[in-house]
Amino acid sequence: MTQSAKAQFEGRDLLCRRGGRDVFAGLSYSLPSGGALLLTGANGTGKSSLLRLMAGLLRPAAGEILWAGRSITEDPEGHAARLHYLGHLDAVKPVLSAAENLRFWASLRGRTADVGAALDHFALGGLADLPGRLLSAGQRRRLALSRLLASPAELWLLDEPSVGLDHASVGKLAEAIAAHRAKGGRVVVATHTALDLPDAEPLSLDALAPPPLPELVW
Amino acid sequence: MHRFANPARFTRIADRVLPFAGFGAVAALGIGFYLALFVAPADYQQGETVRIMYVHVPSAWMALFIYVAMAVASAAALIWRHPLADVAAKASSPIGAGFAFLTLVTGSLWGRPMWGTWWEWDGRLTSMLILFFLYLGHMALMHAFEDQQRGYRAAAVLALVGVINVPIIKFSVDWWATLHQPASVLRLDGPTIHSSMLWPLLITALGFKLYFVTLVLLRMKSELIAARLRALDLARLKAS
Amino acid sequence: MKGLAVIVGRDLRLALRQSADAWLAVLFFVLTAALFPFGIGPEPNLLRLIAPGVIWVVALLAVLLSLERLFLADYEDGSLEQLLLSPLPLELAILGKVAAHWLTTGLPLIAAAPLLAVLFNMDLTGLGVLLLAMLLGTPVLSLIGAVGAALTLGARRGGVLIPLLVLPLYVPALIFGVGATEAALADLSARPNLLFLGALLLVMLLVTPLAAAAALRQALE
């Protein structure tokens, strides 16, 4: 991680369009190594869309997203290799055990070593052999979160990570994020609930909604 | 980025082209059909029914041409994300389906006196039937999504896969047809065709092409107006 | 290559734990074919005549039946997003999923085909060629089907849409597959038909990953 420690992860003048509607316009951000961005804004202001743009799942209608000065569209696989994205869905297969679920995603990234430790961190060690369909919603969320620890990635993109979590687990999540940042990792979090993120930079999307008349009206 | 690739400019150009294309189509089809019906000779074997050829053959050409044109537009839409290319592909496929259908109907009418049946699994007609199904699939996929953008993208991918498969289908069906029956009756014998038959054929083909241009421009214009109405609705929704 | 094996292994494991799905395709294959004697009468010569065609058409429908679940479960539970964001190129991941699909539907159909050949009185000298043709042809069905399955993700009535998109594209595989078997039964060379099937397989091995990847990317936008 030493070489990329100085790399900037930045977005320039982003325009996001969904279903023929402009969600936000003129959004810029910059996230240094060890930094955290906290996305805030009312429903529908595009927090999830911004995270999907950062992951490369969505393409901006204008503007660009850069890692160390190079657009992420130049090397989508390379960008995917350096990030963890946690969306609204947990990607847990009901017929696979918790450990099998986790091992699959970790081995896709070329690592299999840390599965046990990752499960233990989110207090899933005792449930490792249980099939996914028996897990509760909160336990499935914790299983999804343990993907973050099972294989290292520099950039974490977390969409409402604490939904369905109990108090203790939210603490464990904050702990994991803090450790990740201490090692030089970066985090972008969209959340409505309180999550302990020391000196995270807030990014509000409320002010970035474009004027109501989009330019496709001629 | 093309933004919403200035529909205003497209409309201006379309309005300038439309009268020429429309008038040209009427003129070419008028002359072509006059020549086909009154000037071209009847066939010594097939008699007057041979005149169906002047609709059947140009329709078949158009059905194939429009599919290729649609695939080109789809490629442009996927590579450069040009919104007008999406609109063009969407406007084209029902017209192509119409020509494919016309080919099938005229083929059936033409074949009836010769084969004694309304439908024969002749190689050319069968390929055209599959092409017609490809058009129907394209149209269905185009309209299968809540979000029009997704319909555009999915249909564009389908059109490209389809255009790769069209020659393969054509080849396999010809292979199959020659195994099961003698060569087709619906055939123009290439270079030996007499010029009194060739000219009407080429003129009606030109007429069909101009008719396609007219129709596609009109459909694109109305599609853009519909998009503008949707945008106005959305804007009202946000403003309120 | 390792990533590809990981995907195939995971999909096979999923299929084995839900093995009812794979059995359903084979059951459909045999049951539907068994309807034909009721429809056209049990005349042995007639059945022998239509055997290759019936086996191929029914195999094609059985594959069609299994296509919807190829990507849908992964799409709905978020796995597809994660797959797209893995360092493995999406094209390879798709090939892995198609390979697993073929192993769990195409291969069982080939195993069940001799049973149908016997039920239809088919001359068993053609059985070897029938199986060889299916070995080349059923992967083509999986590959073309994967494009259809990827394109209809998130569509209204996606399951009904797949046959409309995929069946016209199945025609060449059907023609060459039946052609090879009929040629063998008529004591002619099945070689040209088999070669065309092989060529078709190569073309679709190139086209499918690209087209399905484009389809999945736009489905997740």
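Labels below follow one simple rule: chain letters A, B, ... track the order of the sequence lines, proteins then strands, and each chain is numbered from 1. Owing to the predicted nature of the structure, the values given are computational and were not obtained by experimental measurement.
- Looking at C/Leu200, only its side chain comes within 4.5 Å of chain B, counting heavy atoms on both sides.
- For chain C, the option among B/Leu129, B/Ile168, B/Leu160 with the highest count of heavy-atom pairs below 4.5 Å is B/Ile168.
- Scanning all heavy atoms of the two residues, the minimum distance from C/Pro168 to B/Phe133 falls at CG-CB, 3.8 Å.
- Every residue two or more places apart in sequence or in another chain that forms a salt bridge (Lys or Arg N to Asp or Glu O under 4.0 Å) with C/Asp74 is listed here: A/Lys93, C/Arg10, C/Lys97.
- Using a 4.5 Å cut-off between heavy atoms, C/Leu151 contacts chain B through both its backbone and its side chain.
- Here the side chains of C/Leu167 and C/Leu60 are in contact, with some heavy-atom distance below 4.5 Å.
- Taking non-hydrogen atoms and a 4.5 Å limit, the residue list of residues 121-136 of chain C in contact with chain B is empty.
- Put simply, CG on C/Leu202 and CG on C/Leu197 are 11.0 Å apart, with the number rounded to the nearest 0.5 Å.
- Between C/Ile55 and C/Phe120 there is no side-chain heavy-atom pair separated by less than 4.5 Å.
- Each of B/Ile169, B/Val166, B/Leu78 has some count of heavy-atom pairs under 4.5 Å with chain C, and the biggest count is that of B/Ile169.
- No part of C/Val166 comes within reach of chain B, as not one of its non-hydrogen atoms sits under 4.5 angstrom from that chain.
- Using a 4.5 Å cut-off on side-chain heavy atoms (C-beta onward), C/Leu88 and C/Leu4 make no contact.
- Side-chain contact between C/Leu47 and C/Ile40 is present, with at least one heavy-atom pair separated by less than 4.5 Å.
- Taking 4.5 Å as the limit, some side-chain heavy atom of B/Leu224 sits within range of a side-chain heavy atom of B/Leu84.
- Of the residues B/Leu109, B/Leu102, B/Val105, the one that meets the side chain to side chain contact (heavy atoms under 4.5 Å, CB included) test with B/Val55 is B/Leu102.
- Annotation: the span from C/Leu205 atom CG to C/Leu210 atom CG amounts to 11.0 Å, rounded to 0.5 Å.
- When each of C/Val147, C/Ile175, C/Val178, C/Leu153 is checked for heavy-atom pairs under 4.5 Å with chain B, C/Ile175 comes out on top.
- Side-chain contact between C/Leu164 and B/Leu141 is absent, with no heavy atoms from C-beta onward closer than 4.5 Å.
- Among pairs with a residue in residues 86-109 of chain B, those fulfilling ring pair (Phe, Tyr, Trp, His ring centres under 6.0 Å) read B/Phe99-B/Phe208, B/Phe101-B/Phe132, at least two apart in sequence or across chains.
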Cross-interface N/O pairs, chain C with chain B, donor-acceptor, under 3.5 angstrom:
from	atom 1	to	atom 2	distance (Å)
C/Leu153	O	B/Arg150	NH1	3.1
C/Leu153	O	B/Arg150	NH2	3.0
C/Arg156	N	B/Ala144	O	2.8
C/Arg156	NH1	B/Glu146	OE2	3.4
C/Arg156	NH2	B/His143	O	2.6
C/Asn193	OD1	B/Trp175	NE1	3.1
C/Gln218	OE1	B/Arg150	NE	3.4
C/Glu221	OE1	B/Arg153	NH1	3.4

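- Side-chain contact between B/Pro58 and B/Leu201: present, with at least one pair of heavy atoms (C-beta onward) separated by less than 4.5 Å.
- Annotation: maximal heavy-atom pairing with chain C below 4.5 Å, among B/Gly151, B/Ala154, B/Ala156, B/Ala155, occurs at B/Ala154.
- There is no contact between C/Ala173 and chain B, counting heavy-atom distances below 4.5 Å.
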